[in-house]
Amino acid sequence: MKYWSQFFIPTLKESPADAEIASHKLLVRAGLVRKLGGGLYTYMPLGLRVMQKLSQICREELDAAGGIELWMPHVHPVENWEQGPRWAAAREIMFRTDHAGAGKGRSKEPEFVLGPTHEEVITPLVKQEITSYRDLPKNFYQIGTKFRNEIRPRYGLMRAREFVMMDAYSFDANDDGAVKSYFAMKAAYEAFFKRIGVTAIAVEADTGVMGGSFSHEFMVPAEIGDDDVIYNEESGYAANREKATSAFVPADLAAAAPVGVVEEFATPGATTIAALAAQPYGIAGDQQFKTLVYMGDGKPFLVILRGNDDLEEAKLGSLGFTLFRAATPEEIEPVLGAKPGSLGAVKGTTKNPDALAGIFADHAIRLVGNGVTGANKDGFHLKNVNVTRDLAITKFGDFRRVRVGEPDPKGGRPLSVKRGIEVGHIFKLGTKYSEKFGAVYTDDAKQNHPMVMGCYGIGISRTMQAVIEQSHDADGIIWPWAVAPFQLIIVVLDPSLPETSGLAKELGGIAEKAGADVLIDDREERPGIKFKDADLIGIPMRVVIGSKGLKDGVIELKIRGQKDVQKIPVAEAGERLAAAIRQASSRS
RNA sequence: CGGGGUGUAGCUUAGUCUGGUAGAGCGCCUGGUUUGGGACCAGGAGGUCGUAGGUUCGAAUCCUAUCGCCCCGACCA
């Protein structure tokens with residue numbers, strides 16, 4: 001039981017100037033957080049209580065799923081990262097210590113980094129501690145601070161430089177076990193989000209810099225989300241746009257027969273798909289091949305798409321390059337022999353084919369069959385280019401961005417899109433890290449194998465904001481019961497009177513016994529301020545004790561977000577309140 | 001890192017174009033009247049106008065540099 005006057009809940013009437021979205025404004029207005037700098041926040045007493053509740057529920061669900069909690073350092077020797085598989089890609093977002101040596105009597109200071117996640121720490125630890133199949137599987141987790149020097153922090157806690165995350169790492173003897181661990185975690189995540197009263201849907205996701213073989217993200221549907229979820233409600237298909245695919249290209253599509261010899265024609269000034277589609281050429285986008293040049297680990301490679309399709313850049317991650325980016329015109333010309341706008345991949349037209357790391361084609365170009373592409377000669381294109389005869393494709397793959405309305409891959413129904421906030425992510429990693437760090441075990445036939453890993457994250461602080469984004473109204477936050485900083489607020493309208501303050505204390509005690517965290521607003525403020533504040537900070541259950549009500553022998557009980565107010569005789573108040581609390585607790 | 005915007009009291013801001021005593025609301029302090037949905041009256045404290053240079057008789061205002069913050073893009077839990 002806390003008294004408002006002795007606690008610290010600095011609420012604000014006005015929204016801070018630097019907040020744009022509802023949840024960010026409410027975080028600040030309700031006194032949950034205060035900003036130190038971009039992406040750096042103090043969790044104020046009320047916000048900390050929510051974080052602690054989220055952490056505890058997360059802990060309980062992971063423990064139930066077999067997780068083992070530990071605590072790893074946030075400061076990592078840089079060597080761990082240099083040894084790991086993703087240093088090149090991850091270093092950009094990592095905070096690093098000064099490497100200078102002066103002043104401490106050493107020729108060179110050791111270099112440290114602040115941990116953005118902990119694969120590079122847990123894997124060497126497990127290598128050291130676990131060597132036998134008898135000790136597998138194991139799933140370790142921690143709940144703590146993560147550091148990422150985000151280029152652009154955003155929306156309060158939504159993308160912060162320092163944030164609180166649960167991260168878990170599973171180690172299995174074989175792939176079947178790893179799949180089992182993965183789906184046990186998926187179930188634990190679903191239980192967690194259900195308990196905290198948040199709608200979060202699991203969607204197929206790209207594995208990104210983390211690597212690994214498959215992955216799901218947990219998305220809270222919200223307009224302000226950073227991600228597009230492509231889905232069909234009926235079939236149950238849901239995927240991040242980066243990963244989403246469609247049945248747009250039939251799997252059994254036959255290869256198109258050639259229609260004639262490849263022929264060069266002049267296209268002065270026409271350097272875009274649209275320009276070729278216009279007069280005088282009139283070549284529709286779906287009759288063109290689009291040739292893009294990328295650099296993969298320093299070597300150029302080509303991506304061929306249907307003319308009117310867009311590249312989904314994240315899908316290039318499946319090609320296995322550690323780092324890739326679009327090539328610059330200066331890099332393109334020596335390889336292909338032309339500037340962007342006249343590029344193609346027809347055999348014999350590339351200036352320096354040996355420089356290429358590969359030619360990768362999206363399946364959809366098979367729909368083009370015979371089409372037009374750049375001649376690798378500025379101002380010229382080729383027609384009658386046949387996919388199988390004329391293009392030396394290294395590998396076909398899914399590289400195009402899906403479009404809304406295309407048939408979903410599960411049932412052929414039209415795909416839709418909505419925005420989502422990524423609050424959790426699970427990866428089946430495979431042996432990427434265990435091989436790099438030598439985390440092997442010996443099986444019952446004395447054979448050594450790398451452990452098969454999975455890794456899992458829930459953004460606890462981001463989830464707190466996602467809850468607000470999903471659950472608020474014009475007056476303020478509406479906390480789900482399980483994560484509310486306090487579940488019951490007792491508003492004492494005349495706190496100086498012994499009968500009101502005495503009754504508040506008595507009812508508060510009863511409510512606590514029934515399982516609620518209780519806040520008593522005992523401030524000497526006008527009623528309006530107290531009601532507004534109670535709504536703003538979003539306490540789910542409210543009792544009002546005032547001398548007016550006591551004259552009639554009643555107190556009031558109201559549920560946040562509902563309109564009706566129950567008047568309850570003082571004599572029944574304790575019992576009725578306890579019952580209401582038990583009911584609310586059991587529902588959450 | 002590219003593009004756009006912005007920095008004035010604890011908070012929200014006016015004033016900047018067109019240089020001339022820095023103004024308001026909220027909050028805070030004192031006194032009074034109030035007291036069931038962000039009260040009212042009277043009085044008061046609080047600002048080197050992000051920072052550093054420059055132009056000028058004179059700079060919040062014009063110029064240059066620099067830093068912070070916000071938004072859009074590429075990345076992430």
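In the text below, chain A, chain B and the rest are named by the order of the sequence lines, each starting its count at 1. Bear in mind the structure is a predicted one, so any value in this text is a computation, not a measurement.
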[N] phosphate, OP1 or OP2, under 4.0 Å from [X] side-chain N/O:
{"X": "A/Arg154", "N": "B/C72", "result": "yes"}
{"X": "A/Lys35", "N": "B/C70", "result": "yes"}
{"X": "A/Arg152", "N": "B/C72", "result": "yes"}

How would you label the contact of [X] with the nucleic acid (heavy atoms, under 4.0 Å): base, sugar-phosphate, or nothing?
{"X": "A/Asp475", "result": "nothing"}
{"X": "A/Glu217", "result": "nothing"}
{"X": "A/Tyr155", "result": "sugar-phosphate"}
{"X": "A/Arg325", "result": "nothing"}
{"X": "A/Glu20", "result": "sugar-phosphate"}
{"X": "A/Arg542", "result": "base"}
{"X": "A/Asp227", "result": "base"}
{"X": "A/Lys146", "result": "nothing"}
{"X": "A/Asp535", "result": "base"}
{"X": "A/Gly546", "result": "base"}
{"X": "A/Ala160", "result": "base"}

Ionic contact status for A/Arg154 with A/Asp226, cut-off 4.0 Å
yes
Could you check which nucleotide pairs with [N] in any of the strands shown, counting Watson-Crick or G-U wobble with both distances under 3.5 Å?
{"N": "B/U6", "value": "B/G68"}
{"N": "B/U48", "value": "none"}
{"N": "B/C11", "value": "B/G25"}
{"N": "B/C17", "value": "none"}
{"N": "B/G73", "value": "B/C1"}
{"N": "B/C40", "value": "B/G32"}

Toward the 5' end of RNA chain B, by each residue's nearest nucleotide, A/His24 or A/Gly549
A/Gly549
Nearest 0.5 Å please: distance from the NE2 atom of A/His74 over to the NE2 atom of A/His118.
5.5 Å
Could you check which of [options] has an atom nearest any side-chain atom of [X]?
{"X": "A/Arg526", "options": "B/C72, B/U34, B/A77", "answer": "B/U34"}
{"X": "A/Arg148", "options": "B/A77, B/G36, B/G38", "answer": "B/A77"}
{"X": "A/Arg159", "options": "B/G36, B/G27, B/A77", "answer": "B/A77"}
{"X": "A/Phe427", "options": "B/A77, B/C69, B/G38", "answer": "B/A77"}

Find the distance A/Glu162:CD to B/A77:P and express it as a whole number of Å.
17 Å
Please state how far atom CZ in A/Arg462 lies from atom C1' in B/A77, giving the value in whole angstrom units.
5 Å
Do other residues, nucleotides or ligands put more than 12 heavy atoms under 6.0 Å from A/Lys436 NZ?
no
Checking side chain to side chain donor-acceptor pair (under 3.5 Å) for the pair A/Asp522/A/Ser5: CA distance, chi angles, key distance, verdict?
CA-CA 6 Å; A/Asp522 60 335; A/Ser5 65; 2.6 Å; yes
Report, as a single string ordered 5' to 3', how protein heavy atoms within less than 4.0 Å touch nucleotides 8-16 of chain B: B base, S sugar-phosphate only, - not at all.
---BSS---
Verify the distance criterion only: is there a donor paired with an acceptor across the side chains of A/Gln465 and A/Ser23 at less than 3.5 Å?
yes
Does a donor on one side chain and an acceptor on the other come within less than 3.5 Å for A/Gln56 and A/Gln52?
no
Between A/Phe7 and A/Phe486, is the ring centre distance below 6.0 Å?
yes
Please check: side-chain N/O of A/Arg462 versus main-chain N/O of A/Val423, any donor-acceptor pairing under 3.5 Å?
no
On the 0 to 90° scale, with breaks at 30° and 60°, tag the A/Tyr189-A/Phe218 ring pair as parallel, tilted or perpendicular.
tilted
